[in-house]
2 protein chains.
Amino acid sequence: MLDAFDRKILGALVEDAGLSYARIGERAGLSAPAVFERVKRLRSAGVIESVTARLDGESVGKPLLAFVHVDTTGWGKSERLMRMGEFPEVEEMHSVAGDTGMILKVRTQGPQALEHLLLQLYVIPGVTASRSYVVLSTYLDRPVQADVTLDWPKHPLPKE
Amino acid sequence: MLDAFDRKILGALVEDAGLSYARIGERAGLSAPAVFERVKRLRSAGVIESVTARLDGESVGKPLLAFVHVDTTGWGKSERLMRMGEFPEVEEMHSVAGDTGMILKVRTQGPQALEHLLLQLYVIPGVTASRSYVVLSTYLDRPVQADVTLDWPKHPLPKE
DNA sequence: GATGAAACGGTAACGTT
DNA sequence: AACGTTACCGTTTCATC
């Protein structure tokens, strides 16, 4: 589905979407219009979902990052729970397999704002518990990368 | 630090960084050159960290998303642990407060690639345990938002 | 911060392999 | 069918007020 040209173009755009098509073309071995055509195709195919500015949480007034595990009775995707996404502080919501049902990534002004968010959570019918993991340091935070580690063992049988 | 103009500009750029300065200016009530100057300032101030393409995990061959809790003896930030970031599959690494020391966000080709990543993890001295939360559905996944919920209660004392 | 102008890059049409 | 070349036009970006 994606050839080597596409991978190089995507790699460049993830690194810096402000690069000119000509410059990306140098990196990928294509002319600017060729890059343009491929980017247009990758966009409409949904490979590129969007092009956005990444902001510094602290600078925009949200220095506190936390992952919140939410336990629910029944199954997770309630109307009320989904509405937590209306808070700009909530960046991610995933249902997961494991000892919790839902993981939220939230970025808030501080502990009080987090508490308010948790209060909103406990008002929702079916929410039985939550565990918050407050981030102390972020060592890595980057977008989906275009490349993949190639040489995974096909059948990684652990040696005894 | 950020005025209302900045917030509007940042909001527009997070939504779509491909917008022209003229169009952002309409939305914010500024001329294109004024927007340009502010964006330049926001960039060099580090408020805008980067401008990137957001890719669809499935399309780039990484349909499996998981959060991995890593428990370690001593304290988390070992040289070896940091090198997990060399895998393009590892998107985030945070040290956290709670019943684990470190949370990794990883996106892989499938279960086997995740297993290989976990094997790499257990090779690291000091890593004692891990718990993986495999994402079943993603309901929300968006960048840091420029806006904040305004009317948090200042001192949210829970009523009895 | 706005206005006007110059340089640059995005984008379409066309020709080539 | 996909890329390169050419050329135009909108946008970025700078100088001036």
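Bear in mind the structure is a predicted one, so any value in this text is a computation, not a measurement. Sequence lines set the chain letters: A, B, ... in the order given, protein chains first and strands last, and positions in each chain run from 1.
- The A/Ser20 side chain lies nearest to C/dG10 when the options are C/dG10, D/dC3, D/dT11.
- In summary, the side chains of B/Gln120 and B/His116 do present a donor paired with an acceptor at a separation below 3.5 Å, with no hydrogens or angles considered.
- Within the nucleic acid shown, B/Arg23 has no heavy atom closer than 4.0 Å to any nucleic acid atom.
- Atom C1' of nucleotide D/dT13 and atom CZ of B/Arg43 are separated by 15 Å, given to the nearest angstrom.
- Taking atom CZ on B/Arg38 and atom P on D/dT12, their separation rounds to 17 Å, with Å as the unit.
- Proximity note for A/Pro33 (side chain, C-beta onward) versus D/dC14, D/dT6, C/dG10: the nearest is D/dT6.
- Side-chain proximity of A/Ser31 to the nucleotides D/dC14, D/dT13, D/dG4 is greatest for D/dG4.
- Within the structure, every side-chain polar atom (N or O) of A/Arg41 is placed at least 4.0 Å from both OP1 and OP2 of D/dA2.
- Closest approach of A/Gly25 to A/Val35, counting heavy atoms only: CA-CG2, 3.6 Å.
- Residue B/Leu30 has its side chain nearest to C/dA2 when only D/dC3, D/dC14, C/dA2 are considered.
- In this entry the distance linking OH of A/Tyr21 with P of D/dG4 reads 16 Å, nearest Å.
- Ring-centre distance between B/Tyr133 and A/His94: not below the 6.0 Å cut-off.
- Minimum atom distance to the side chain of A/Phe36 is reached by C/dA12, of the listed D/dC3, C/dA12, D/dT13.
- Judged by distance alone, the side chains of A/Thr100 and A/Asp71 do bring a donor and an acceptor atom under 3.5 Å apart.
- The separation between A/Glu37 atom CD and D/dT5 atom P is 16 Å, rounded to whole Å.
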